[in-house]
Amino acid sequence: MKSKVNRNFKILIVDDDPDILFATNRVIKSAGFDTSEAMDGATCLKAVSEHTPDLILLDVELPDADGRDLAREIKAQPLENHPYIVMLSGKKISSDDQ
């Protein structure tokens, strides 16, 4: 049975590295998904309330926020449907960080 992909699935990409943000957004958009972007925690929180994403690809280290704290804050919001959150990091790769 062939799986159907929901192309209306909204994905918020949060990363402070403009090259990673651009590349990730390009790949996801090319697959037909609706995307929005944020480069810091404050913009991420604003985008969550404005765009109601289904999934957030969230960098662990942002200039104004710790991604783990930001994820907790998003999950604590009184939203009708909380987004899935995938934490990403190119630096925090030790077992303790994971």
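Owing to the predicted nature of the structure, the values given are computational and were not obtained by experimental measurement.
- Of the possible donor and acceptor atoms, one in the side chain of S30 sits under 3.5 Å from a partner among the backbone N and O of V27.
- For the pair P53 and A47, the tightest heavy-atom approach, listed with the atom from each and the gap, is CD-O, 4.1 Å.
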Which atom pairs, donor and acceptor, lie under 3.5 Å between side-chain atoms of residues 77-85 and protein residues at least two apart or in another chain?
{"unit_1": "H82", "atom_1": "NE2", "unit_2": "K75", "atom_2": "O", "d": "3.1"}
{"unit_1": "H82", "atom_1": "NE2", "unit_2": "Q77", "atom_2": "O", "d": "2.6"}

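- A side-chain donor from one of T52 and K10 sits under 3.5 Å from a side-chain acceptor of the other.
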Going through the checks in order, is the side-chain contact (heavy atoms from CB on, under 4.5 Å) test met by R68 and V60?
CA-CA 6 Å; R68 294 166 291 214; V60 174; 4.2 Å; yes
Evaluate I11 against D34 for side-chain contact (heavy atoms from CB on, under 4.5 Å), listing each step before the verdict.
CA-CA 6 Å; I11 301 173; D34 181 20; over 6 Å; no
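- Applying the side-chain contact (heavy atoms from CB on, under 4.5 Å) criterion to V86, with sequence neighbours excluded, gives L55, L57, L88.
- Although no hydrogens or angles enter the test, the distance criterion places no donor-acceptor pair under 3.5 Å between the side chain of D59 and the main chain of L62.
- Cluster membership for I20 and V14, using ILVMFWY side-chain heavy atoms within less than 4.5 angstrom, is not shared.
- Partners of K46 under the side-chain contact (heavy atoms from CB on, under 4.5 Å) rule, at least two apart in sequence or in another chain, are E50.
- Contact detail for M87 and G67: the closest heavy-atom pair is CE-C, 3.3 Å.
- With sequence neighbours excluded, the residues forming a side-chain contact (heavy atoms from CB on, under 4.5 Å) with T43 are A38, D40, listed by chain and number.
- For the atom pair NE2 (H51) and CG (L12), the distance works out to 7.5 Å, reported to the nearest 0.5 Å.
- Applying the side-chain contact (heavy atoms from CB on, under 4.5 Å) test to T35 and every residue at least two apart in sequence or in another chain returns I13, N25, I28, K29.
- Here D16 pairs with nothing under the salt bridge (charged side-chain N to carboxylate O under 4.0 Å, His left out) rule; sequence neighbours left out.
- The CG atom of D15 sits 11.5 Å away from the SG atom of C44 when rounded to the nearest 0.5 Å.
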